[in-house]
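Here the structure is laid out as structure tokens; the discussion comes afterwards.
Chain naming here is simple, since letters A, B, ... match the order of the sequence lines and numbering starts at 1 in each. Quick caveat: nothing in here was measured; it's all calculated off a predicted structure.
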2 protein chains.
Amino acid sequence: MSGTVRVLVVDDDALVRAGLSLMLDGADGIVVVGEADDGDAVPAALDAHPADVVLMDIRMPRVNGITATRRVRARPSAPEVIVLTTFDSDENVLHALRAGASGFLLKDSLPARIAEAVRAVAAGEPILSPGITRRLMERAATEAGAHERARAALAELSAREHEVAVAIGQGRTNAEIAAHLHLSIATVKAHITRVLTKLGVGNRTQVALLVHDAGLC
Amino acid sequence: MSGTVRVLVVDDDALVRAGLSLMLDGADGIVVVGEADDGDAVPAALDAHPADVVLMDIRMPRVNGITATRRVRARPSAPEVIVLTTFDSDENVLHALRAGASGFLLKDSLPARIAEAVRAVAAGEPILSPGITRRLMERAATEAGAHERARAALAELSAREHEVAVAIGQGRTNAEIAAHLHLSIATVKAHITRVLTKLGVGNRTQVALLVHDAGLC
DNA sequence: CTCGAACCGCACCCCTCGTCGGGGGCGATG
DNA sequence: CATCGCCCCCGACGAGGGGTGCGGTTCGAG
């Protein structure tokens, strides 16, 4: 795996392609084996010159980088993809990750960092630009915070109440809950009343949201 | 900012401290200015030797690395913190991020990588070990997937229905929704009925969950 | 043993929710 | 213009959700 890493550069701007090829080709263990000027040209380019890593622009005239990434990842060879773009809007990032990209960098990254990213991705490591990493971290942290608060609130409940709360969180009706727990509907309602008071909320949908936040999907 | 980076090493194991200090002190632009053998010793160590970056173990006898991180980040100087541990359980990672850590690495990371992480964190860039980055990426991707599906479903709704659905997602009752939109309760109910059929769900809590997934908090 | 506390279970009553049917407005199609 | 479709609005009614009170159980403290 530690041989030279073969790279395909995909960008509609010839100048950008030339710049990337120039800065990468010949760098430690990297060789640029081809270029493509649009997403729809990528499969042919990969057929002609198999690559380990594809450097992919997003904004391209015919087929954009997201769908191109999806197609690349669907191939039997399945090279890794690094999406390389000017703006790091959350939309772009999430779509790219969902399409199967292993890396997401801004075009103004330092050349050394891009080369390093190519090698890392070829080795199976994911790479994100610092700003994106930061946003992902903050997102996970806030999510974990809500998670924690919700779990703390649910900890107040007794075992039965907890079961009922979880069932509510799955959108079940009282009758379904009663059948599932072998209870009378009246009992389920009583449990729900206690759950509402203990959690300090007014109706079952808020219970469902709390359970959802707690990660009990 | 590009001077030498001052590092404080915190670990209850003297051997680990020695190893880290040895591998870091003298590396490019890094100087280890102190060590601490437990979380409760960190403030004093920072008072004696101000540091830019704290390398923090999690498992320590008296005060663990998470709370120590929280205290470090609460200081006026507020050095950056890299949590350095043996296991990367999701619990640990999320708590560390929530406590304000800017980096999370495994102890078996290559020395060069740790040094690099110290410099990056000192420069304000976050650093995560590859496995954690991967999990965060997958998490974001799946979340984005649910997001997308939910938004697609909600796109079927008319403007009014959409408003009502969002209100349901906030746990509001029909009367509240009616007051908020200056409608009769009967009208709100009618909208909800159409929302239910269009979304293919049976009750309002499932609507709330869908709206929640769509990110319309 | 008894008492209190907490949990679980249930029946009754009232209010909200969801369905059904109907009416009016507005643009597109014939 | 007719009428078809879509959206918005509403009233009435059955069904389901939520509140209250009460009995039964367990368990530890007094």
Side-chain angles (χ1 to χ4, degrees), chain A residues 146 148-217, chain B residues 149-217:
Chain A
E148 209 168 322
R149 268 180 285 111
R151 285 185 95 83
L154 291 178
E156 298 292 318
L157 305 179
S158 76
R160 215 50 165 166
E161 291 162 356
H162 196 272
E163 280 182 298
V164 172
V166 170
I168 291 178
Q170 293 162 345
R172 305 200 186 189
T173 175
N174 285 353
E176 290 172 345
I177 300 174
H180 184 258
L181 299 181
H182 306 293
L183 291 178
S184 140
I185 292 182
T187 305
V188 174
K189 292 179 184 178
H191 283 304
I192 292 178
T193 300
R194 284 188 285 270
V195 169
L196 293 178
T197 60
K198 283 190 180 179
L199 298 184
V201 297
N203 55 49
R204 63 166 43 211
T205 58
Q206 295 179 341
V207 174
L209 296 181
L210 225 70
V211 171
H212 196 74
D213 277 348
L216 308 171
C217 315
Chain B
R149 270 180 284 112
R151 285 186 94 82
L154 291 179
E156 298 291 320
L157 305 180
S158 77
R160 215 55 165 161
E161 291 162 357
H162 195 273
E163 280 182 297
V164 173
V166 170
I168 291 178
Q170 294 162 344
R172 305 198 185 191
T173 174
N174 286 352
E176 291 172 346
I177 300 174
H180 184 257
L181 299 180
H182 307 291
L183 291 177
S184 138
I185 293 183
T187 306
V188 174
K189 293 180 186 176
H191 284 305
I192 291 178
T193 299
R194 281 189 290 273
V195 168
L196 292 179
T197 61
K198 283 189 180 179
L199 297 184
V201 298
N203 55 49
R204 65 166 43 211
T205 60
Q206 295 179 342
V207 174
L209 296 180
L210 226 69
V211 171
H212 196 73
D213 277 348
L216 308 172
C217 315

query = When we call it a touch if two heavy atoms are under 4.0 Å apart, what does S158(A) touch: a base, just sugar-phosphate, or nothing?
reply = sugar-phosphate

With a non-hydrogen cut-off below 4.0 angstrom, is A159(A) in contact with a base, only sugar-phosphate, or nothing?
sugar-phosphate

Check: Between R151(A) and E148(A), does at least one N-O distance fall below 4.0 Å, as a salt bridge requires?
Finding: no

From NZ of K189(A) across to C1' of dC14(C) the rounded distance in Å is 11 Å

Quiz item: So does R160(A) get a side-chain nitrogen or oxygen closer than 4.0 Å to the phosphate oxygens (OP1/OP2) of dG9(C)?
Solution: yes

For this session: With heavy atoms under 4.0 Å as the rule, sort R204(A) into base, sugar-phosphate or nothing.
Result: sugar-phosphate

Taking dA11(C), dG9(C), dC7(C) as options, the one with an atom nearest any side-chain atom of K198(A) is dC7(C)

Note to self: Using a heavy-atom cut-off of 4.0 Å across all strands, would you classify T193(B) as base, sugar-phosphate, or nothing?
What the structure shows: base

* Asked: Which part of the nucleic acid, if any, lies within contact of I185(A), taking any heavy atom under 4.0 Å across all strands shown: a base, the sugar-phosphate backbone alone, or nothing?
  -> nothing

Rounded to whole Å, the CD-C1' distance (Q206(B) to dG18(C)) equals 14 Å

Separation of dG9(C) atom P from I192(A) atom CD1, nearest Å, is 13 Å

First and last nt of DNA chain D near chain A, cut-off under 4.0 Å to heavy atoms, 5' to 3', are dG16(D) to dT20(D)

Walking DNA chain D from its 5' end, the first of N203(B) and H191(B) to be reached, judged by nearest nucleotide, is H191(B)

